[in-house]
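Let me begin by presenting the structure, written as structure tokens, before commenting on it.
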Amino acid sequence: MSDILNQLHQVLEARKGADPDSSYVASLYDKGLNKILEKVGEEAVETLLAARDTEAGGDPEALIGETADLWFHSMVMLAHLGLGPEQVLARLEQRFGLSGHDEKAARKARGE
Ligand SMILES: N=c1c2ncn([C@@H]3O[C@H](COP(=O)(O)OP(=O)(O)OP(=O)(O)O)[C@@H](O)[C@H]3O)c2ncn1[C@@H]1O[C@H](COP(=O)(O)O)[C@@H](O)[C@H]1O
């Protein structure tokens with residue numbers, strides 16, 4: 001299921017040094033971290049608005065599209081900073097099966 005994330009990451013890496021006029025991803029790298037973060041923030045807001053619409057009976061396709069935009073721009077952010085989906089997926093795997101309540105209690109017990 002996560003293969004597309006790895007394939008997309010390879011494309012994002014390959015876009016480093018590409019022409020910003022012919023590649024949207026290269027144009028984001030070229031504009032820098034602040035522009036990438038602006039897009040991540042924008043897509044996060046669009047995602048939450050679409051989630052509210054979906055709960056109110058709207059078309060879930062809009063929410064699926066906005067979530068894809070959010071994941072995509074988050075991946076551009078990670079790639080720009082030399083990171084990739086493998087680290088995030090590994091973190092989710094580490095957490096798998098550990099209740100959020102238990103994880104928070106363990107963090108508090110460690111004084112974090
Ligand atoms: N998955 C995506 C993807 N999802 C969304 N987008 C683009 O992200 C932008 C989203 O911005 P908005 O929704 O704000 O729409 P907009 O008004 O066009 O954007 P702005 O002008 O406001 O920046 C759009 O231009 C979308 O086309 C994507 N662009 C690229 N990819 C992947 O990245 C690969 C490389 O893309 P290029 O670098 O452009 O070749 C592609 O082959 C795809 O696999």
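Order of listing sets the numbers, starting from 1, for every ligand and every atom in it. Predicted model, so just to flag it, every value in this text is computed and none were measured.
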Indicate yes or no: at least one non-hydrogen side-chain atom of Q7 is less than 4.5 angstrom from one of I4. yes

Looking at K104, I'd like to know if its NZ atom is crowded, meaning that more than 12 non-hydrogen atoms belonging to other residues, nucleotides or ligands lie closer than 6.0 Å. no

Can I get a per-line list of side-chain donor-acceptor pairs under 3.5 Å for residues 57-71, giving both atom names and the distance, sequence neighbours left out?
| from | atom 1 | to | atom 2 | distance (Å) |
| --- | --- | --- | --- | --- |
| D59 | OD1 | E61 | N | 3.0 |
| T67 | OG1 | L63 | O | 2.8 |

Which pairs of N or O atoms, one from ligand 1 and one from the protein, are separated by less than 3.5 Å, and what is the distance for each pair?
| from | atom 1 | to | atom 2 | distance (Å) |
| --- | --- | --- | --- | --- |
| ligand 1 | 11 (O) | K39 | NZ | 3.3 |
| ligand 1 | 14 (O) | K39 | NZ | 2.6 |
| ligand 1 | 14 (O) | E42 | OE2 | 3.3 |
| ligand 1 | 19 (O) | K39 | NZ | 3.4 |
| ligand 1 | 22 (O) | K39 | NZ | 3.3 |
| ligand 1 | 23 (O) | K39 | NZ | 3.1 |
| ligand 1 | 38 (O) | R15 | NE | 3.1 |
| ligand 1 | 38 (O) | S23 | OG | 2.5 |
| ligand 1 | 38 (O) | Y24 | N | 3.4 |
| ligand 1 | 38 (O) | V25 | N | 3.1 |
| ligand 1 | 39 (O) | Y24 | N | 2.8 |
| ligand 1 | 40 (O) | R15 | NE | 3.2 |
| ligand 1 | 40 (O) | R15 | NH2 | 3.0 |

Say whether, by atom type as modelled, one donor and one acceptor occur between the side chain of Y29 and the main chain of Y24 under 3.5 angstrom. no

Return all side-chain donor-acceptor pairs below 3.5 angstrom for residues 82-94, not counting sequence neighbours, or 'none' if the list is empty.
| from | atom 1 | to | atom 2 | distance (Å) |
| --- | --- | --- | --- | --- |
| Q87 | OE1 | G84 | N | 2.9 |

Only pairs under 3.5 Å count here: list side-chain donor-acceptor contacts from residues 30-40, not counting sequence neighbours, and write none if there are none.
| from | atom 1 | to | atom 2 | distance (Å) |
| --- | --- | --- | --- | --- |
| K35 | NZ | E38 | OE2 | 3.3 |
| K39 | NZ | E42 | OE2 | 3.1 |

